[in-house]
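Quick note on labels: first sequence line is chain A, next is B, and so on, each numbered from 1. Side chains included, hydrogens not; waters and symmetry mates left out as well; all remaining heavy atoms used.
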Number of protein chains: 2
Amino acid sequence: MAKTYTIGETAEMFGVPESTLRFYDKRGLLPFIERDEADRRVFTEMQISLLKTIQHLKNTDMTIGQIKQYVDWIVEGDATIPKRLAMLVAHRQDIYDQIAMREASLDGVNFKIARYEKYVNEQREKEND
Amino acid sequence: MAKTYTIGETAEMFGVPESTLRFYDKRGLLPFIERDEADRRVFTEMQISLLKTIQHLKNTDMTIGQIKQYVDWIVEGDATIPKRLAMLVAHRQDIYDQIAMREASLDGVNFKIARYEKYVNEQREKEND
DNA sequence: ATATCAGTTAAACCTCGGTTTAAGTCAAAC
DNA sequence: GTTTGACTTAAACCGAGGTTTAACTGATAT
């Protein structure tokens with residue numbers, strides 16, 4: 001018997017409200033999810049693993065729509081592996097771009113910080129006259 | 001006479017629609033902006049420079065509301081420099097966190113890519129039997 | 001047996017960050 | 001003098017990504 005999780009346990013595990021998991025399910029991000037006798041969602045390792053992937057994709061600004069495409073391809077089976085591979089390779093480039101943009105903007109912010117620090121230090125010196 | 005720019009020129013310069021610049025103005029992100037005789041916005045180096053800062057902050061997911069706070073402090077004068085400095089230092093940490101999260105998720109994506117590449121290569125080998 | 005707790009649904013609601021629309025003004029070109 | 005082009009406004013609209021609400025079900029504890 002593989003371990004399973006309730007929606008509450010899963011939500012806590014991922015640090016999201018249960019409503020978010022229900023929203024993802026409604027949007028088709030959690031295929032193959034089963035229900036118990038009382039119609040409650042049963043999260044298996046498969047869902048947990050998929051949710052981890054979904055979090056990586058979300059953390060890197062992939063839209064729900066694109067994630068759904070990826071999940072739909074998983075549902076279609078191994079024949080879509082080349083498509084999934086191409087999607088992830090393209091997305092990896094997006095991630096590189098996101099990081100590069102942030103590093104560039106970080107430089108701009110650091111420049112401002114340096115100017116403000118200089119000003120603050122000069123004011124402090126004047127006071128200590 | 002310092003060079004000035006129309007909203008159209010400024011929009012093109014920053015690669016955004018004019019409506020975005022009007023929207024920023026309405027939200028208070030462009031203080032000190034003047035108008036010509038025909039009530040058209042006149043963008044000076046001051047606005048251009050502020051827009052560059054705004055772009056850095058937006059590129060690193062600072063909200064319009066926070067950016068407005070920063071701009072309001074600029075309007076208030078040099079007395080708010082310590083507050084601005086503190087805000088930017090806190091924001092710099094946010095940027096570090098954003099980059100770190102993306103690098104972690106990049107690892108996850110790369111792991112998936114490696115698995116898919118392995119699969120694709122194995123399938124290719126089978127075909128070449 | 002009844003209260004509590006964890007789950008269920010559909011639908012309404014919300015915020016954010018713009019974008020679009022409609023109607024108008026003004027300067028320059030023809 | 002009228003058309004064209006670039007600008008102006010207020011207000012309506014939009015898509016993304018959830019969140020909240022209301023009403024309900026079913027299992028467990030007292």
Rounding to an integer number of Å, can you tell me how far [X] [atom1] sits from [N] [atom2]?
{"X": "R35(B)", "N": "dT8(D)", "atom1": "CZ", "atom2": "P", "value": "6 Å"}
{"X": "I7(A)", "N": "dT9(C)", "atom1": "CD1", "atom2": "P", "value": "8 Å"}
{"X": "L57(B)", "N": "dG17(C)", "atom1": "CG", "atom2": "C1'", "value": "16 Å"}
{"X": "E12(B)", "N": "dC7(D)", "atom1": "CD", "atom2": "C1'", "value": "16 Å"}
{"X": "D25(B)", "N": "dA10(D)", "atom1": "CG", "atom2": "P", "value": "11 Å"}
{"X": "L21(B)", "N": "dT19(C)", "atom1": "CG", "atom2": "P", "value": "10 Å"}
{"X": "F43(B)", "N": "dT8(D)", "atom1": "CZ", "atom2": "C1'", "value": "13 Å"}
{"X": "Q66(B)", "N": "dC16(C)", "atom1": "CD", "atom2": "C1'", "value": "13 Å"}

Run through R41(A), E12(A), E45(A) and flag the one making a side chain to side chain contact (heavy atoms under 4.5 Å, CB included) with Y5(A).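 The option that passes is E45(A).
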By the 4.0 Å heavy-atom rule, please label R22(B) as base, sugar-phosphate, or nothing.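 Counting heavy atoms under 4.0 Å across all strands, the contact made by R22(B) includes a base.
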By the 4.0 Å heavy-atom rule, please label E18(A) as base, sugar-phosphate, or nothing.
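If one applies the 4.0 Å heavy-atom cut-off, E18(A) turns out to touch the sugar-phosphate alone, with no base involved.
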Just by distance, with hydrogens left out, do E125(A) and N121(A) show a side-chain donor and acceptor under 3.5 Å apart?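 Distance-only check fails for E125(A) and N121(A).
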Modelled atom types, side-chain donor and acceptor of Y70(A) and R84(A), under 3.5 Å: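 There is no such pair (donor and acceptor under 3.5 Å, judged by atom type) between the side chains of Y70(A) and R84(A).
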Kindly give the heavy-atom pair with the smallest separation between [X] and [Y], and that separation in Å.
{"X": "E9(B)", "Y": "T4(B)", "answer": "OE1-O, 4.1 Å"}
{"X": "T80(A)", "Y": "I74(A)", "answer": "OG1-N, 4.3 Å"}
{"X": "I54(B)", "Y": "L29(B)", "answer": "CD1-O, 3.5 Å"}

Q) For the side-chain hydrogen bond (donor to acceptor under 3.5 Å, both in side chains) test, which of N59(B), D61(B), D94(B) pairs with R102(A)? A)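 Filter result, single survivor: D61(B).
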By nearest heavy atom, map D39(A) and R40(B) onto DNA chain C; which one lands nearer the 5' end?
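Checking each residue's closest nucleotide, the 5'-ward one belongs to D39(A).
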If you restrict it to nitrogen or oxygen atoms, what contacts under 3.5 Å exist between nucleotides 15-22 of chain D and the protein, and what is each distance?
unit_1	atom_1	unit_2	atom_2	d
dG17(D)	OP2	I64(A)	N	3.3
dG18(D)	OP2	Y24(A)	OH	3.1
dG18(D)	OP2	K58(A)	NZ	3.3
dT19(D)	OP2	T20(A)	OG1	2.5

Please tell me if R41(B) has a side-chain N or O lying less than 4.0 Å from either OP1 or OP2 of dT8(D).
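Answer is yes, contact under 4.0 Å.
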